[in-house]
Amino acid sequence: MKNRKTRLAGLLGASLLLAACGTSGSNSAAPPGAQGFTPPKLEAMKALGQGEGQLNVLAWPGYAENGSNDPKVNWVTPFEQQTGCKVNVKPFGTSDEAVTLMKTGQYDVVSASGDASLRLVASGDAEPVNTTLVPNYADVQPFLKDKSWNSVGNVAYGIPHGWGANLLTWRTDKVNPAPNSWSVMFDANSPYKGKVIAYDSPIYIADAALYLMAHQPDLGIKNPYALDDKQFTAAVNLLKQQRPLVSEYWSDYLKESQALKNGDAVVGTAWQVTVNLTKGEGAPLEASVPSEGATGWSDTWMVAAKSQHKTCAYKWLDYIISPKVNAQVAEYFGEAPANPKACAEMTDKTLCDTYHANDSSYASKIAYWTTPIQQCLDGRTDVKCKDYGEWTKAWTEIKG
């Protein structure tokens, strides 16, 4: 950071894009990534007060279960009993939806993936988190802390919760041999044309970029979220080539599960929770991380700047990453817990091994969702990268 200046990131248009601005002088650009912009000046909570009696939670499905989906799956009610904070849960289907809902000011905490978290920081909708008020934070895996999607300038903007890969899944009775490459989804001559199901989000462009990293190394892609004009065009063109193969783009994992169950799709990109659910309902399904690797998520619980229930919010942050509860969420959703002490609390004692929960080497190989910004996240300063606004526009064109 020495001898370098930063300027406030711009919020461009209705989609609230995060664009890190350059500084004066051709050799004085701000550092890349989350350290390259100055967020709105917001203070973290100094001390806990009296619980406010209520908490409005915005969560990915499966992260804040209160027994309404399955009476046996409920960690919200014990929290209410322990804290006196009555919880209202609103599930969301995509990161874009979460960002939009957070702008209403109606929610206290959100489980944000990396393609949403920096947008919430830059727009001032999420505030820094005082990790000393979250005792269980001390136990969180070091390789999840102070990352470009949950911190800015070494200031934490949330508490890591769970992480995992976006998997390649297939019907074992329809797809032979078992695939070990994303080519079954991207190759124009894939035998599964019209039976491919893909994720419906601009961040899916990174999946194409990751594939190109392995299959077109001459493009020089080092980070699938840091794409210059040529690299971005190649990724977009690959997805346009894929479009005729795709029967459906999914954002609701329950709808994807239904498509895989009834055979409308036989191969696709999926979360482990989808695989677990679909297999549990009798469909012959398998999933893996292919040879090219995978994108993935490391989700972060963030506190809304406009929250009126911040003591309850902090109590939730600490509760949700406590060993027992972090284990419950990880088992139900299908992901690695952020707190390694959760492994001892699992009903399935093999889960932490299956999800590489304590394997920092494995974790480092996942290309975690990160908000694309103009300043290239791979450190390049001689080019500008495409920001999330450009990704959003391109995604609309891809889907047609």
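This chain uses plain numbering: 1 for the first residue, then up along the sequence.
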Trainee: Is the distance between the ring centroids of W250 and W271 under 6.0 Å?
Mentor: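 Judged by ring-centre distance (under 6.0 Å), W250 and W271 do meet the cut-off.
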Trainee: Would you call D125 and K103 a salt bridge, taking side-chain N to carboxylate O under 4.0 Å as the test?
Mentor: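 Answer for the salt bridge query: yes.
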Trainee: If we count only N and O atoms by modelled type, under 3.5 Å, do the side chains of S181 and S291 hold a donor and an acceptor together?
Mentor: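 Distance-only check fails for S181 and S291.
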Trainee: Counting the benzene-type ring for Trp, do F333 and Y63 have ring centres under 6.0 Å apart?
Mentor: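 Yes.
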Trainee: Between the side chain of T278 and the main-chain N/O of T274, is any donor-acceptor distance below 3.5 Å?
Mentor: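 Confirmed, T278 side chain pairs with T274 backbone.
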Trainee: Check whether the side chains of N88 and N56 place a donor and an acceptor atom closer than 3.5 Å, and report yes or no.
Mentor: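 Present: a donor and an acceptor within the cut-off.
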Trainee: Please work out whether the ring planes of Y368 and W163 are parallel, tilted or perpendicular, with thresholds of 30° and 60°.
Mentor: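 Because their plane-to-plane angle is over 60°, the rings of Y368 and W163 count as perpendicular.
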Trainee: Got a sec, which pairs hit ring-ring contact (aromatic ring centres under 6.0 Å, His included) with one end in residues 116-140, sequence neighbours left out?
Mentor: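 Of all non-adjacent pairs touching residues 116-140, none passes ring-ring contact (aromatic ring centres under 6.0 Å, His included).
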Trainee: Hey, do the aromatic rings of W316 and F79 have their centres closer than 6.0 Å?
Mentor: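 Yes, they do, as the ring centres are separated by less than 6.0 Å.
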Trainee: Using a strict threshold of under 4.0 Å (side-chain N to carboxylate O), is an ion pair present between D96 and R119?
Mentor: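 A salt bridge links R119 with D96.
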Trainee: Among residues at least two apart in sequence or on other chains, which ones pass side chain to side chain contact (heavy atoms under 4.5 Å, CB included) with L48?
Mentor: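 L48 satisfies side chain to side chain contact (heavy atoms under 4.5 Å, CB included) with M45, L133, T311, Y314 only.
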Trainee: Is T396 reaching over with its side chain to a backbone N or O of T392, donor-acceptor style, under 3.5 angstrom?
Mentor: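 Present.
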Trainee: Got a donor-acceptor contact below 3.5 angstrom from the K195 side chain to the G263 backbone?
Mentor: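 Side chain of K195 to backbone of G263: a pair is present.
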Trainee: When the ring centroid of W60 is compared with that of Y253, is the distance short of 6.0 Å?
Mentor: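 Centroid separation for W60 and Y253: 6.0 Å or greater.
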Trainee: Check whether any side-chain heavy atom of L58 lies under 4.5 Å from a side-chain heavy atom of V109, and answer yes or no.
Mentor: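 SC-SC contact between L58 and V109 ruled out.
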Trainee: Once side chain to side chain donor-acceptor pair (under 3.5 Å) is applied, what residue pairs with a partner in residues 224-240 remain, sequence neighbours excluded?
Mentor: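 Checked against side chain to side chain donor-acceptor pair (under 3.5 Å) - neighbours excluded - the pairs reaching residues 224-240 are D228-R380, D229-K386, Q231-R380.
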Trainee: Is it true that K279 and E286 make a salt bridge, defined as a side-chain N closer than 4.0 Å to a carboxylate O?
Mentor: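 Yes.
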Trainee: In terms of relative ring orientation, are W395 and Y204 parallel, tilted or perpendicular, with 30° and 60° separating the classes?
Mentor: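 Ring orientation, 0 to 90° scale: perpendicular.
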Trainee: Grab the two heavy atoms, one from L377 and one from N223, that are nearest each other, plus how far apart they are.
Mentor: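 Distance-wise, the nearest heavy atoms are CB-ND2, 3.9 Å.
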